Amino acid sequence: MYYDFKSVEPKWQKRWEESGVFHASDDHDKPKFYGLVEFPYPSGAGMHVGHIKAYSGLEVISRKRRLQGYNVLFPIGFDAYGLPTENYAIKTGIHPRKVTDTNIAKFTDQLKKVGFSFDWTRVIDTTEDGYYKWTQWIFLKMFEKGLAFRDKTLVNYCPSCKVVLSNEDSQGGKCDICHSDVIQKSKDVWYLRITEYADKLLEGLEKVDYLPNIKLQQVNWIGKSRGAFVNFPIKNNDERLRIYTTRPDTLFGVTFMVIAPEHPIIDKYADKISNMDEIEAYRAECSKKTEFERTQLVKDKTGVKIDGLTAVNPVNGKEIPVYISDYVMMGYGTGAIMAVPAHDSRDYDFAKKFGIDIIEVIKGGDISKEAYSGDGEMVNSEFMNGMTNKKESIAKMIDYLTEKGIGEGGVQYKMKDWAFNRQRYWGEPIPIVHCPKCGMVAVPYDELPLKLPEVENFEPGSDGESPLAKIESFVNCKCPKCGGDAKRETDTMPQWAGSSWYFLRYVDPHNEKSFADAEELKYWMPVDWYNGGMEHVTRHLIYSRFWYKFLYDIGEVPYEEPYAKRTAQGLILGPDGVKMSKSRGNVIDPNEVVESLGADVLRTYVLFMGDYEQAAPWSEDSVKGCKRFIDRIWNLLEITTDGEEYSEKLSVPMNKTIKKVSEDIEQMKFNTAIAAMMTLLNTVYSIGEINKAELKTLILLLNPFAPHVTEEMWEKMEFGGTVTDWSWPEYDETKCVDSTVQIAIQVNGKIKARIDVPTDISSQDAIAAAKKETVVASLIEGKTVVKELYVKGKLVNIVVK
RNA sequence: GCCGGUGUGUCGGAAUUGGCAGACGAGACAGACUCAAAAUCUGUUAUCCGCAAGGGUGUGUGGGUUCGAGUCCCACCACCGGCACCA
């Protein structure tokens, strides 16, 4: 009997849709499970096999949880604001709203054809008024609390996309979207003060169950460092040059200072500086360099000595020169450093190039060759001499600085405030009004959502202005405070906005009074398990934790952390072993697999192809193995016999498999779970029959992976109702072991024989049995037995001399 | 440069966390069925020596710990990912 997936799969998809079995229940007395996957950006290209793998992990877990009696929330939605849609609209003239709707319809259809058990009554579209109303609402709350602010700064600007980019979006000096070079431009932009949450974001990591490498990436991203601020007096002047250092213990080794090219002290004392021309020239040169070029020149230090400004080392009164160099950044610390060439490689390079003294203060290295940053005895450091413990030295110096009023301990973060703006059409309008009298005024909450105006031309303005700036009817408005003429903010929010809180909306997606009902939040939050791509563990994961923690602080959400657990799946590579891309032509279309082999095969294969967390190449051949597996499962119907209990032959394999599959799913070791079912299947075929009890269990175990074929078999066997009405199989630990095991016999660690022994054999009996083996007996004859040991159920090792 | 990860047959990958390396799948080879092909089923398949029985060698490289190492320790090599002049 041939398994006709082409008719069976749509049949069950239709039934699931009609019965609503996968809708989360309102019954708050049941234990809950909230499984979250990263909602897709609905691109025109449609679904990618990567999406299938990303969703299949929690799909299996969610289906298992339902069978285990949980009330499961497994939602899906669309993160639909973004540049590709807008660029497509500009190119074709089709409105982004229309493009988005078309793409969402396409994704929805494709997802349903794979049979995912999403709750389709809770779908979110971040571009719908009912949704972005609350995105704007949260923004206004932040504005109210001073966390959303405007600042004039140098921003990363992409001349090709005509947008301001965040540091995150312009890594390596290239635009994330079009990959052209990013330049620096001064502009008034919106920021979110995420740095205020740096410590909370760091501390919160201790309370959550994230994969260790995910935690580590977040820790590195936040980049907290401890050190000290020290004020260096300027000679013949009341000025203090303030620096930040992580190594205050090396203060006696300071031989010069360096300030960033943008440091304000230069303009302040321009009249005292004799080589201002030279400095101006250097500054001009630096401002032309992009961030990328600056970092490219790591090896070759440049700079200019400031003639006329001399600093004084506050611990020993020594006069030291001040340099200007672009290896010091204005955006970190104070924009000025104390340079200790003997113990910092960058300062070392600079000192070598400019012929500055290098004074060793910590022994242990060879400072004629390179800087030494290790531990050692302190020298040339007056009251610090003789100390050997870095930690203690730092503490001692900080105490000294504090006592003398020269400086104090402090911390710094690498993380910068979040540039929260786009000069684009297809995004959430920022609900702020600029009033000539009142300044920046929030749009009143009852006027939200501030809707995106209808326009025909989506092209950004030539100078980095949003297309909204061209729409008079939108721009011109009345000030909500004084009623006078005012202008609306025309920037829109960046693409990360909508995805920063979507998991909260799923809990209560149709609420018009609040972003989600408090009771619903209390029941469903936190997300029990969040799975997504490794590429999102810094930006999206940190941004959304930040928003959530803010909402917690203003009493809008119930728990401190949004996600209890976070995992990440590995990429699916093309058959050629490299990342799939259109240009390489190695992209696998999931729809074609569904069409030709069936959704169950696709689902099983993406989980079977390798370790879920690791990248693995697609194989056109291997996928056929899963097709055979599904067909062989189906063909069990022909060899099924009566029987309400596991047969003697299959009792142990059945129990073992239930255990293995149950445990492996929890650890996302889907590949070995499937392998265990394949092994069981091979055992069944070698016996030649399976009874109803055994088939029932096998169907239940496989159901989360291949729901269509298992439902169809369940129905054919008339087991009653559908698989979804049943519960996850249990196993008996005592029935997971065979009565006899094969053990290996080693002599001096080399395997010489194998024998079958009762599983519960004693150590003495096992060793005795081993010695009776003729090969073994001949090997140990006439020699002294030094040691003999038995590892239960594994092996006997006899060591002879 | 710093941090993290990975390295196992022809290929994707297993290995109960120190105990029989190569589960499971693919591919290949042989056989059955077929007029034939596909599909399906059965068997073989790390490698070297040997007709065979059997023996040797094998988890990136080199050392070490141990009765025993893919697994632990030290050094090195290669590839992948993240951060990157962060003071």
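Nothing here was measured: the structure is a model prediction, and the numbers come from that model.
- When each of C3(B), C85(B), G19(B) is scored by its nearest atom to the side-chain atoms of M329(A), the top-ranked nucleotide is C85(B).
- Between D344(A) and L789(A), the residue whose closest nucleotide on RNA chain B is further toward the 5' end is L789(A).
- Seen from the ring of Y612(A), K669(A) does not count as a face-on cation partner, given the 6.0 Å and 45° thresholds.
- In the displayed structure, K353(A) atom NZ is contacted under 6.0 Å by more than 12 heavy atoms of other residues, nucleotides or ligands.
- Taking only side-chain atoms of L216(A), from C-beta outward, the nucleotide of G12(B), G27(B), G4(B) with the closest atom is G4(B).
- In this model, the phosphate group of A87(B) is not approached by any side-chain N or O of Y244(A) to a distance below 4.0 Å at OP1 or OP2.
- Distance, R226(A) CZ to A87(B) C1': 17 Å, rounded to whole Å.
- Note on K659(A): nothing from the nucleic acid sits closer than 4.0 angstrom, heavy atoms only.
- Aromatic pair W418(A)/Y191(A): centroids not less than 6.0 angstrom apart.
- Remark: aromatic rings of F256(A) and F350(A) are close, center separation under 6.0 Å.
- Under 3.5 Å, the side chain of K794(A) and the base of U16(B) form at least one donor-acceptor pair of N or O atoms.
- When distances are taken from the side chain of Q217(A) to each of G82(B), C3(B), G12(B), the shortest belongs to G82(B).
- With a glycosidic angle more than 90° from 0, U61(B) adopts the anti conformation.
- Checking A15(B), C83(B), G25(B) against every side-chain atom of K414(A), the shortest atom distance belongs to C83(B).
- At whole-Å resolution of the value, CG in N220(A) and P in C3(B) are 10 Å apart.
- In summary, of the residues considered (V361(A), D344(A), I362(A)), a side chain to side chain contact (heavy atoms under 4.5 Å, CB included) with R247(A) occurs for I362(A) alone.
- Nucleotides G9(B) and G70(B) place their C1' atoms 14 Å apart, quoted to the nearest Å.
- For K735(A), the NZ atom is loosely surrounded, since the number of other residues' heavy atoms within 6.0 Å does not exceed 12.
- Taking atom P in both A28(B) and A39(B), one finds a spacing of 10 Å when rounded to whole Å.
- Under the 6.0 Å distance and 45° angle rule, K301(A) counts as a cation-pi partner of Y327(A).
- The side chain of V799(A) approaches C67(B) more closely than any other nucleotide in the set G4(B), C20(B), C67(B).
- In this structure, L607(A) places its CG atom 14 Å from C1' of G25(B), rounding to the nearest Å.
- Separation of the C1' atoms belonging to A75(B) and G82(B) is 25 Å when rounded to the nearest angstrom.
- E788(A) comes within 4.0 angstrom of no nucleic acid atom, judged by non-hydrogen atoms across all strands.
- Listed for the H343(A) side chain is a donor-acceptor partner under 3.5 Å among the backbone atoms of Y372(A).
- Between the P atom of G82(B) and the CD atom of E535(A) lies a distance of 10 Å, rounded to the nearest Å.
- Nearest nucleotide to the side chain of A675(A), out of G56(B), G27(B), A23(B): A23(B).
- For N671(A), counting side-chain heavy atoms from C-beta on, the closest listed nucleotide (A15(B), G25(B), G13(B)) is G13(B).
- The nearest whole Å value for the distance from the CD1 atom in I324(A) to the C1' atom in C85(B) is 16 Å.
- Comparing atom distances between the K301(A) side chain and each of G5(B), A23(B), C85(B) picks out C85(B) as nearest.
- Within 4.0 Å (heavy atoms only), D611(A) reaches sugar-phosphate atoms of the nucleic acid but no base atom.
- Taking atom CZ of F629(A) as the reference point, atom P of G12(B) lies 22 Å away to the nearest angstrom.
- When distances run from any side-chain atom of T245(A) to the nucleotides A14(B), A26(B), A87(B), the shortest one goes to A87(B).
- Remark: the separation of the C1' atoms in A26(B) and U61(B) is 30 Å, to the nearest Å.
- Ring to ring, F670(A) and F608(A) are not that close: their centroids are 6.0 angstrom or more apart.
- If you check every strand for non-hydrogen atoms under 4.0 Å, N797(A) touches a base.
- Rounded to whole Å, the P atom of A78(B) lies 16 Å from the corresponding atom of G62(B).
- Comparing the P positions of U65(B) and U44(B) gives an interatomic distance of 41 Å, to the nearest angstrom.
- Between E663(A) atom CD and U17(B) atom P the separation is 11 Å, expressed in whole Å.
- Residue I751(A) contributes atom CD1, which lies 18 Å from atom P of C67(B) at whole-angstrom precision.
- Listed pair K669(A) / A15(B) meets the phosphate criterion, a side-chain N or O lying under 4.0 Å from OP1 or OP2.
- Map A336(A) and L795(A) each onto its nearest nucleotide of RNA chain B; the residue landing nearer the 5' end is L795(A).
- Of the possible donor and acceptor atoms, none in the side chain of T245(A) sits under 3.5 Å from a partner among the backbone N and O of A228(A).
- A sub-4.0 Å separation between OP1 or OP2 of G27(B) and a side-chain N or O of R628(A) is present.
- Looking at I630(A) and Y3(A), their side chains come closer than 4.5 Å, going by heavy atoms from C-beta outward.
- For P617(A), the side-chain atoms get nearest to G13(B) when compared with the rest of G27(B), G19(B), G13(B).
- Between G25(B) and A14(B), the distance separating the two C1' atoms is 11 Å to the nearest Å.
- Glycosidic conformation, G9(B): syn, with the torsion inside 90° of 0.
- For the C1' atoms, the distance linking U71(B) with A15(B) amounts to 10 Å, nearest Å.
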State the dot-bracket string of RNA chain B. Criteria: Watson-Crick or G-U wobble, both atom distances under 3.5 angstrom; notation: ( ) intrastrand, [ ] crossing earlier pairs, | interstrand, . unpaired.
-> (((((((..(((......[....)))((((((.......))))))((((....))))..(((((..]....))))))))))))....
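- The residue T246(A) sits close only to the backbone: its heavy atoms come under 4.0 Å of sugar-phosphate atoms, none of a base.
- Among the protein residues, Q412(A) comes within range of no part of the nucleic acid, since none of its heavy atoms lies under 4.0 Å from any strand.
- Looking at heavy-atom distances under 4.0 Å, A615(A) makes contact with sugar-phosphate atoms alone, never a base.
- As judged by a 4.0 angstrom heavy-atom cut-off over every strand, N682(A) is placed among residues touching the sugar-phosphate backbone only.
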